[in-house]
Colleague: 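Have a look at this one before I ask anything.
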Amino acid sequence: MGQALYRKYRSKSLAEIIGQEHITQTLEQALKQGRISHAYLFTGPRGVGKTSIARIWAHEINSLPYTDDSAHLDIIEIDAASNRRIDEIRELRDKVYMAPVSAKYKVYIIDEVHMLTREAFNALLKTLEEPPAHVVFILATTDVHKLPDTIISRTQRFTFKPAEKDKVTALLRTIAKSEGLRVNDEALELLAEHGEGSFRDSVSLLDQARNQGSKIEGADVARLLGIPPDEALQELMAIITNNSGPAALMGTIRSLYDQGYQAAAIAKRLGQMLRAQVIEGVATMESESAFRLLGQLIEVPVSHDPERFLEIVLLRANPHTYKTHVHRPSVVAEPETVQESEPVSESTEVPVKSTSKDKPKGASNSALLDPTIWPEVLQALKLRHNTLYSVVRMAQPEFSGSDTLKLAFAFAFHQKRIKENSNQQKLANIIHEITGQTVTIEAVTDKTANPFRTADTPDKVTAGRSKAKPLTSDLSSISNIFGDAELLES
């Protein structure tokens with residue numbers, strides 16, 4: 001059985017401890033001056049060296065060599081999580097008065113000391129207050145607030161810091177080199193970041209990642225950790241800031257869920273990206289909206305239903321969600337009674353159902369792919385394949401001849417979805433049903449592409465139509481969100 005990397009590379013001396021110099025230097029000076037306390041308290045987050053320093057210090061004050069497998073009768077380790085009752089502490093209290101077997105000090109290392117019961121703490125208190133001269137206690141805990149003040153006040157307390165990312169990355173690089181692993185900088189940074197300030201957790205992740213092979217890249221670590229791709233998250237931010245509407249937003253979120261990414265991971269990575277944008281001053285959201293979204297994303301992992309909570313948070317951040325109208329269900333107006341603030345010209349653009357039946361006899365096949373069919377194609381997709389509709393509606397369509405439909409997307413994430421054979425077939429089937437024409441679909445990425453609904457150049461997406469007067473802002477907002485719908489009196 002192979003040895004875990006975090007055990008193999010555990011520090012063997014105070015000089016080898018990384019990131020806790022404020023503690024190791026103090027202990028080294030105390031050792032030189034012979035000032036050994038009767039009780040020490042090591043507090044701080046997990047995986048930063050509390051237990052390692054406790055073991056090293058127990059051997060140093062006894063002038064004993066230390067290895068990871070070292071065992072000595074006068075150095076006793078107690079796990080308070082499984083020896084937390086008063087009976088165990090009473091037994092310890094009775095034994096402390098026995099002299100060491102061969103060492104200068106009998107050292108008791110009590111790990112996770114906060115797990116002791118109140119009665120056990122009371123039994124330990126008197127011993128800590130007036131211990132025999134040959135006994136040293138080293139208490140370690142991650143939850144110092146659970147310790148009685150009477151215990152804390154009778155110890156020398158050392159507070160450990162979370163590991164700095166740069167130092168964790170350097171350690172991982174050293175271990176990878178020793179193990180013959182080729183790990184790029186992106187992968188090392190991801191491992192260090194995901195370790196959340198813990199040397200042990202970061203090294204354990206490297207140990208897990210090396211099962212994928214001797215060459216480890218950032219994408220390998222991202223898949224291992226379940227981190228969603230930045231490309232998809234940038235798309236989510238673009239949908240929110242560009243006011244693209246709930247349908248596009250929900251389609252992208254569902255796509256991430258379908259690929260196995262968890263809501264907590266999506267929220268965490270999205271929060272990291274937005275935080276970086278705010279700090280660098282390049283955020284596309286208003287400061288107040290960005291701060292509110294950051295606060296809500298933090299709450300996603302601890303919510304009762306993370307997936308639904310994430311959806312609500314992102315929908316709230318999308319201004320388009322709020323553009324709704326109030327109506328009285330009992331009063332219904334006929335469509336022709338709707339009046340504009342100004343007379344509507346005869347050239348007003350209205351979606352017209354265009355099918356092969358409407359084409360005059362003798363019309364060329366190219367007419368069947370006139371762009372005026374696009375609203376009908378989107379509507380059919382929305383009714384039959386809603387997830388696919390949320391992707392296709394982000395495209396800028398370009399009709400070439402009679403048998404080719406070119407869809408340009410601003411994001412490669414959308415383009416990849418359309419390149420899937422099943423999605424192309426669904427779209428081609430709907431176009432065939434509407435026009436009677438078999439088409440070939442091409443999907444490309446173009447950062448300048450604009451979705452159909454926001455196209456600025458009529459000749460690209462509304463060829464053959466006259467220049468239209470825009471609808472009123474409220475009616476346009478409703479149409480963007482819900483598609484064609486019956487207008488109710490407000």
Side-chain angles (χ1 to χ4, degrees), residues 1-12 16-20 45-49 51-52 68 161-237 252 255-277 279-280 297 300-301 411-413 415-417 419-420 445:
M1 180 183 295
Q3 188 179 26
L5 291 182
Y6 80 87
R7 292 188 58 193
K8 183 176 180 180
Y9 292 94
R10 177 177 283 163
S11 301
K12 305 298 189 297
E16 294 180 11
I17 297 293
I18 302 173
Q20 310 297 338
R46 69 183 188 277
V48 293
T51 304
S52 293
D68 194 40
K161 302 183 300 183
E164 297 177 13
K165 182 179 176 181
D166 292 343
K167 292 183 178 180
V168 176
T169 303
L171 175 63
L172 294 176
R173 184 178 289 111
T174 300
I175 294 176
K177 185 176 180 180
S178 299
E179 294 294 316
L181 302 174
R182 291 179 294 168
V183 188
N184 65 13
D185 291 341
E186 181 185 1
L188 291 173
E189 290 178 2
L190 276 176
L191 291 170
E193 181 179 328
H194 207 74
E196 298 181 339
S198 169
F199 284 111
R200 183 177 63 236
D201 290 358
S202 299
V203 175
S204 295
L205 289 173
L206 175 62
D207 201 356
Q208 185 177 353
R210 69 172 176 170
N211 293 327
Q212 302 184 42
S214 59
K215 184 177 181 181
I216 304 171
E217 298 183 350
D220 302 321
V221 175
R223 284 194 300 270
L224 173 68
L225 302 178
I227 299 175
D230 287 349
E231 189 178 67
L233 300 182
Q234 289 169 358
E235 176 192 344
L236 268 180
M237 289 302 303
T252 303
S255 177
L256 289 170
Y257 290 163
D258 291 343
Q259 295 176 62
Y261 296 111
Q262 301 295 316
I266 297 172
K268 180 178 179 179
R269 194 64 175 173
L270 194 62
Q272 291 171 340
M273 291 178 56
L274 182 57
R275 177 178 178 273
Q277 291 177 2
I279 292 175
E280 295 170 7
L297 288 173
V300 171
F411 298 97
F413 183 76
Q415 182 250 0
K416 291 178 181 177
R417 294 297 305 275
K419 288 182 72 70
E420 296 175 9
T445 303

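Side chains are part of it too, since the values below use all heavy atoms of this structure and drop only hydrogens, waters and symmetry mates. Since this is a predicted model, take the numbers as computed values, not measurements.
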Colleague: Take Ser202 and His194 through the test side-chain contact (heavy atoms from CB on, under 4.5 Å) and record every step on the way to the result.
Modeller: CA-CA 7 Å; Ser202 299; His194 207 74; over 6 Å; no
Colleague: If we only count heavy atoms from C-beta on, is the Ile18 to Phe199 side-chain gap below 4.5 Å?
Modeller: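 The answer is yes; the side chains approach within 4.5 Å.
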Colleague: Contact between Pro45 and Val48 at the side-chain level, heavy atoms closer than 4.5 Å - yes or no?
Modeller: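 Counting from C-beta outward, Pro45 and Val48 do come under 4.5 Å.
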Colleague: Any sub-3.5 Å donor-acceptor pair from Ser214's side-chain atoms to Arg210's backbone N or O?
Modeller: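 No; judged by distance alone, with no hydrogens or angles, the pair does not exist.
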Colleague: I'd like to check Val203 versus Leu172 (side-chain heavy atoms, cut-off strictly below 4.5 Å). Are they in contact?
Modeller: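 When only atoms from C-beta onward are counted, Leu172 and Val203 do touch, with a gap below 4.5 Å.
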Colleague: Between Glu196 and Lys268, is a salt bridge (charged side-chain N to carboxylate O under 4.0 Å, His left out) present by the stated rule, with each step listed?
Modeller: CA-CA 12 Å; Glu196 298 181 339; Lys268 180 178 179 179; 3.0 Å; yes
Colleague: Quick check: do Leu188 and Val221 have side-chain heavy atoms less than 4.5 Å from each other?
Modeller: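 No, their side chains stay 4.5 Å or more apart.
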Colleague: Could you check whether any side-chain heavy atom of Ile227 comes within less than 4.5 Å of a side-chain heavy atom of Tyr261, counting everything from C-beta outward?
Modeller: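 Side chain of Ile227 against side chain of Tyr261, heavy atoms only: no contact under 4.5 Å found.
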Colleague: Evaluate Glu217 against Arg182 for salt bridge (charged side-chain N to carboxylate O under 4.0 Å, His left out), listing each step before the verdict.
Modeller: CA-CA 8 Å; Glu217 298 183 350; Arg182 291 179 294 168; over 6 Å; no
Colleague: Could you give me the CA-CA distance, side-chain angles and deciding distance for Glu231 and Lys416, then say whether side-chain contact (heavy atoms from CB on, under 4.5 Å) is met?
Modeller: CA-CA 12 Å; Glu231 189 178 67; Lys416 291 178 181 177; 4.1 Å; yes
Colleague: Could you tell me whether a side-chain N or O of Lys12 sits under 3.5 Å from a main-chain N or O of Arg10, the two making a donor and an acceptor?
Modeller: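 Side chain of Lys12 to backbone of Arg10: a pair is present.
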Colleague: So which atom in Gly218 and which in Leu190 form the shortest heavy-atom distance, rounded to 0.1 Å?
Modeller: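 The pair with the smallest heavy-atom distance is O-CD1, 3.6 Å.
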Colleague: Side chains of Glu189 and Thr169: do they bring a donor and an acceptor to under 3.5 Å?
Modeller: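 Their side chains do not contain a donor-acceptor pair, so the 3.5 Å distance test is not met.
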Colleague: For a quick check under 3.5 Å, do Arg269 and Gln272 share a side-chain donor-acceptor pair by atom type?
Modeller: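 Per modelled atom types, Arg269 and Gln272 side chains form a pair under 3.5 Å.
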Colleague: Go through it in stages, so that I can follow the logic: the residues are Tyr9 and Glu16, the test is side-chain hydrogen bond (donor to acceptor under 3.5 Å, both in side chains), and I'd like the CA-CA distance, side-chain angles, deciding distance and then a yes or no.
Modeller: CA-CA 10 Å; Tyr9 292 94; Glu16 294 180 11; over 6 Å; no
Colleague: Within a strict 4.5 Å, meaning less than it, do heavy atoms of the Leu274 and Gln277 side chains meet?
Modeller: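 A side-chain contact under 4.5 Å exists here.
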Colleague: Identify, with sequence neighbours excluded, every residue that meets side chain to side chain donor-acceptor pair (under 3.5 Å) alongside Arg46.
Modeller: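 Expected list: Asp201.
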Colleague: Would you sort out whether Arg173 and Asp185 count as a salt bridge (charged side-chain N to carboxylate O under 4.0 Å, His left out), showing the intermediate values?
Modeller: CA-CA 9 Å; Arg173 184 178 289 111; Asp185 291 341; 3.1 Å; yes
Colleague: Are any non-hydrogen side-chain atoms of Leu5 and Glu179 less than 4.5 angstrom apart?
Modeller: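 Sidechains of Glu179 and Leu5: in contact.
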